[in-house]
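A quick write-up on the structure given underneath.
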Amino acid sequence: MVSEKAQVSHDVFPYLRVYKDGTIERFAGTEVVPAGLDPETGVFSKDTVIVPETRVSARLYRPSLAKASQKLPLVIYFHGGGFFISSTADPLYHRSLNKLVAEANIVLVSVDYRLAPENSLPAAYEDSWAALNWVAAHAGEGDGKEAWLKDYADFGRVFLGGDSCGANMTHHLTLKLKGSELSRELKIEGVAMIHPYFWGQDPVGVEKIDHVRRSMVDNWWTFICPSHKGCDDPLINPFADGSPSLEGLACNRVLVIVADKDILRDRGKLYYEKLLSSGWKGTAKLVEIRGEDHVFHIFDPNTENAKSMFRDLASFFGKARH
């Protein structure tokens, strides 16, 4: 007789498998590395719990030569992984963010939100919103206690950033900020979306012919968000019925980065086009990187394309509109 552990109830190929006894087996994004000084980039990092009740944490980064007398742009970053794998301590993310912080000369807060399926959506969005509130407590006369934010972060130059599902969350967080009490404490200058994870029931662009990867992404989303709206849930499709207008983005600038071999490429382009025609008053830029696939810079941040992308991000974070 086959045990329940051996019986698969859901296979989220190629990243995760759920068994009938409730066991969850992850095949990627499970490795961790400690924070500390990165000898290659000279970037310091450390971990801190930001929401004790849920154990939501963050990994903070700053250049080793940062001075309190010269405050740096602050980037609040949300990692990818489809909402169900990876963490801020993932060696791939840690290495990549060290490179970004060194190139851009920024203070960065990488948020470690809870993962599905143990914590179903919208838990990740709720954790990320809580992280924004935690960061905001360090602005002005706030009662936040984190010295790196108090001493080194310029709260006049605050950005959101993320890749894949993390980029998806920057969209929803920036919409939620509009008119909120938090928006009076935390002003977002810009949002950097790297290979944003948006989707929809009706295929667009390359999705119409790439049936294999189309099916995989369908499976990923319906697994983590068993909504009756499926792939037209507003969480994944920002243009589905009931989705708020992009006109409400609470930021001045948006950078959308796509990779031309990525199945999500055309969704990112569509987002950029819809943003331009939405009535939003900010400025937007689209960057398409040739010859690369989804989150290529996480797997190898040393390629010329990855270095070029980090320079684009550094330029974006370094240009505040006053």
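What you see is a predicted model, and the numbers here were worked out from it, not measured in a lab.
Residues Arg290 and Glu288 are paired through a salt bridge, judged by an N-O separation under 4.0 Å between the basic side chain and the carboxylate. Using a 4.0 Å cut-off between charged side-chain N and carboxylate O, Arg213 and Asp293 make a salt bridge.
Ser128 places a side-chain N or O within donor-acceptor distance of the main-chain N or O of Ala124, the cut-off being under 3.5 Å. Arg265 places a side-chain N or O within 3.5 Å of a backbone atom of Asp260 that can act as its donor or acceptor partner.
Trp134 and Tyr77 are assigned to two separate hydrophobic clusters, defined by single-linkage of ILVMFWY side chains at heavy-atom distances under 4.5 Å.
Taking a 6.0 Å sphere around CD of Glu118, one finds it holds more than 12 heavy atoms contributed by other residues, nucleotides or ligands. Shown here is Glu31, whose CD atom has no more than 12 heavy atoms of other residues, nucleotides or ligands within 6.0 Å. Heavy atoms from other residues, nucleotides or ligands lying under 6.0 Å from NZ of Lys261 number 12 at most. At most 12 heavy atoms of other shown residues, nucleotides or ligands fall within 6.0 angstrom of atom CZ in Arg55. Taking a 6.0 Å sphere around CZ of Phe13, one finds it holds 12 or fewer heavy atoms contributed by other residues, nucleotides or ligands. Within a 6.0 Å sphere centred on NZ of Lys285, heavy atoms belonging to other residues, nucleotides or ligands number 12 at most.
A tilted orientation is assigned to the rings of His10 and Phe223, their planes being inclined by 30° to 60°. Using cut-offs of 30° and 60° for the angle between ring planes, the Tyr61 and His94 rings count as tilted. Ring planes of Tyr271 and Phe239: tilted class, angle from 30 to 60°.
The side-chain heavy atoms of Asp154 and Leu74, taken from C-beta on, include no pair separated by under 4.5 Å. Using a 4.5 Å heavy-atom cutoff, the side chains of Pro196 and Val256 are in contact.
Summarising the geometry, atom NE2 belonging to His79 is positioned 7.0 Å from atom OH belonging to Tyr93; distances are rounded to the nearest 0.5 Å.
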Could you walk me through whether Glu247 and Lys178 pass the salt bridge (Lys or Arg N to Asp or Glu O under 4.0 Å) test, one step at a time?
CA-CA 10 Å; Glu247 185 179 4; Lys178 186 75 170 182; over 6 Å; no
Verdict with reasoning, Arg157 to Glu189, per salt bridge (Lys or Arg N to Asp or Glu O under 4.0 Å):
CA-CA 6 Å; Arg157 294 183 290 169; Glu189 164 63 25; over 6 Å; no
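A side chain to side chain donor-acceptor pair (under 3.5 Å) with Asp262 is found for one member of His195, His294, Arg267 and no other, namely His294. With His172 as the fixed residue, the ring pair (Phe, Tyr, Trp, His ring centres under 6.0 Å) test singles out one of Tyr197, Tyr125, Phe78: Tyr125.
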